[in-house]
Amino acid sequence: MRRYWLLKSDPEEFGLEHLARSPRRTTCWSGVRNYQARNLLRDELRRGDGVLFYHSQAKPPAIVGIASVVREGYPDPTQFDSRSPQHDPQSERADPRWFAVDIRFESRLARPLTLPELRAAKGLERMVLLHRSRLSVQPVTAAEWRVVLRLAGTGAAAG
DNA sequence: GCCAACGTTGGC
DNA sequence: GCCAACGTTGGC
């Protein structure tokens, strides 16, 4: 059964436009260094799952697009790269600490759904985004997914 | 830039 | 195992 997720990203670091312009519109979602988020990446995200792409630290913060999971959890290569800011010298290849997935761009929303708008939306009252701070990978229910797509307008703009 | 939330670290 | 100190996220 298809499930749904929300991924946060600072658009100045890596926004939806970066994803849309990546080779095959696909990128390795690396650099997550929070254990709860790690567990989701490693154990829960499945190929074909839907992803809401959220711009954090934006003005205003907003869900801006849709992506999908195209490769399930595998060791995050940046943890082993001593030149990467995400390097984790305590992580060993035989027992990796951090995981990544690959996601692919699917579409832009016809219009961004801002955080205030999400807070005000009927049906999103219990959305994790609105209640738990600092979790960059989080589950979205099928009902919430439908509400978000409906709020975004009929269908998403082609990318 | 401020600061609340909250995860992580490390002394004990 | 507790908890204070510290660092980061991320909204405002």
Side-chain angles (χ1 to χ4, degrees), chain A residues 3-22 27-45 49-69 72-103 105-141 143-145 147-153 156:
Chain A
R3 288 190 290 175
Y4 305 95
W5 311 95
L6 181 144
L7 298 185
K8 294 183 187 175
S9 190
D10 177 349
E12 297 207 355
E13 296 281 332
F14 191 94
L16 187 67
E17 296 312 307
H18 294 94
L19 179 60
R21 292 186 196 128
S22 297
T27 198
C28 169
W29 202 253
S30 62
V32 172
R33 296 293 182 267
N34 167 286
Y35 287 103
Q36 205 173 341
R38 185 279 310 268
N39 292 346
L40 295 175
L41 291 174
R42 186 189 58 193
D43 305 331
E44 304 295 336
L45 275 71
D49 283 356
V51 170
L52 299 176
F53 199 101
Y54 177 82
H55 281 173
S56 62
Q57 314 198 63
K59 297 169 185 175
I63 297 172
V64 294
I66 305 294
S68 65
V69 177
E72 298 177 6
Y74 61 98
D76 177 345
T78 65
Q79 70 194 309
F80 304 124
D81 179 357
S82 60
R83 292 158 305 178
S84 167
Q86 311 298 340
H87 179 229
D88 182 349
Q90 298 190 35
S91 183
E92 298 179 31
R93 285 180 187 277
D95 184 20
R97 180 177 295 185
W98 306 111
F99 285 74
V101 298
D102 286 356
I103 62 166
F105 175 91
E106 296 297 339
S107 60
R108 277 176 204 84
L109 296 190
R111 64 189 186 89
L113 293 178
T114 69
L115 186 57
E117 204 172 349
L118 296 168
R119 287 194 195 287
K122 197 163 189 177
L124 300 183
E125 293 85 355
R126 305 188 64 168
M127 199 172 184
V128 174
L129 180 69
L130 308 180
H131 297 285
R132 199 166 316 163
S133 67
R134 306 181 49 191
L135 184 61
S136 65
V137 178
Q138 48 181 258
V140 172
T141 69
E144 289 162 351
W145 174 268
V147 169
V148 165
L149 292 193
R150 178 168 50 73
L151 288 174

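Computed from heavy atoms alone, side chains included, the values below leave out hydrogens, waters and symmetry copies.
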Asker: Kindly indicate whether the side chain of A:Gln79, heavy atoms from C-beta on, has any atom under 4.5 Å from the side chain of A:Pro96.
Answerer: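 Side chain of A:Gln79 against side chain of A:Pro96, heavy atoms only: contact under 4.5 Å found.
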
Asker: Does A:Arg132 have any side chain to side chain donor-acceptor pair (under 3.5 Å) partners at least two apart in sequence or in another chain, and if so, which?
Answerer: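 Partners of A:Arg132 by the side chain to side chain donor-acceptor pair (under 3.5 Å) criterion come out as none, since no residue qualifies.
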
Asker: Could you check how far CG of A:Asp88 sits from C1' of B:dG7, rounded to whole Å?
Answerer: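 From A:Asp88 CG to B:dG7 C1': 15 Å.
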
Asker: Take atom CD of A:Gln138 and atom C1' of C:dT9, then tell me their distance rounded to the nearest Å.
Answerer: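 It works out to 13 Å between those atoms.
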
Asker: To the nearest angstrom, how far is A:Asn39 atom CG from B:dG7 atom C1'?
Answerer: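 Computing the A:Asn39:CG to B:dG7:C1' distance gives 14 Å.
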
Asker: What pairs with A:Arg3 under side chain to side chain donor-acceptor pair (under 3.5 Å), at least two apart in sequence or on another chain?
Answerer: A:Glu44

Asker: Provide, to the nearest angstrom, the distance between the CG atom belonging to A:Leu6 and the P atom belonging to C:dT9.
Answerer: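 Atom CG in A:Leu6 sits about 17 Å away from atom P in C:dT9.
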
Asker: Which pairs with one or both residues in residues 92-101 of chain A pass side-chain hydrogen bond (donor to acceptor under 3.5 Å, both in side chains), sequence neighbours excluded?
Answerer: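 Qualifying pairs, neighbours excluded: A:Asp88-A:Arg97, A:Asp88-A:Trp98.
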
Asker: B:dG7 P sits how many Å from A:Trp98 CH2, rounded?
Answerer: 13 Å

Asker: Could you go through nucleotides 10-12 of chain C and list every protein N or O atom that sits under 3.5 Å from one of its N or O atoms, giving the distance for each pair?
Answerer:
unit_1 : atom_1 : unit_2  : atom_2 : d
C:dG10 : OP1    : A:Lys8  : NZ     : 3.1
C:dG10 : N7     : A:Gln57 : OE1    : 3.4
C:dG11 : OP1    : A:Tyr54 : OH     : 2.7
C:dG11 : OP2    : A:Gln57 : N      : 2.9

Asker: Who are the ring-ring contact (aromatic ring centres under 6.0 Å, His included) partners of A:His87, not counting sequence neighbours?
Answerer: none

Asker: Take the protein atom CD of A:Gln86 and the nucleotide atom P of C:dT8, then report the distance between them rounded to whole Å.
Answerer: 12 Å

Asker: For A:Phe53, what residues pass the ring-ring contact (aromatic ring centres under 6.0 Å, His included) criterion, not counting sequence neighbours?
Answerer: A:Trp29, A:His55

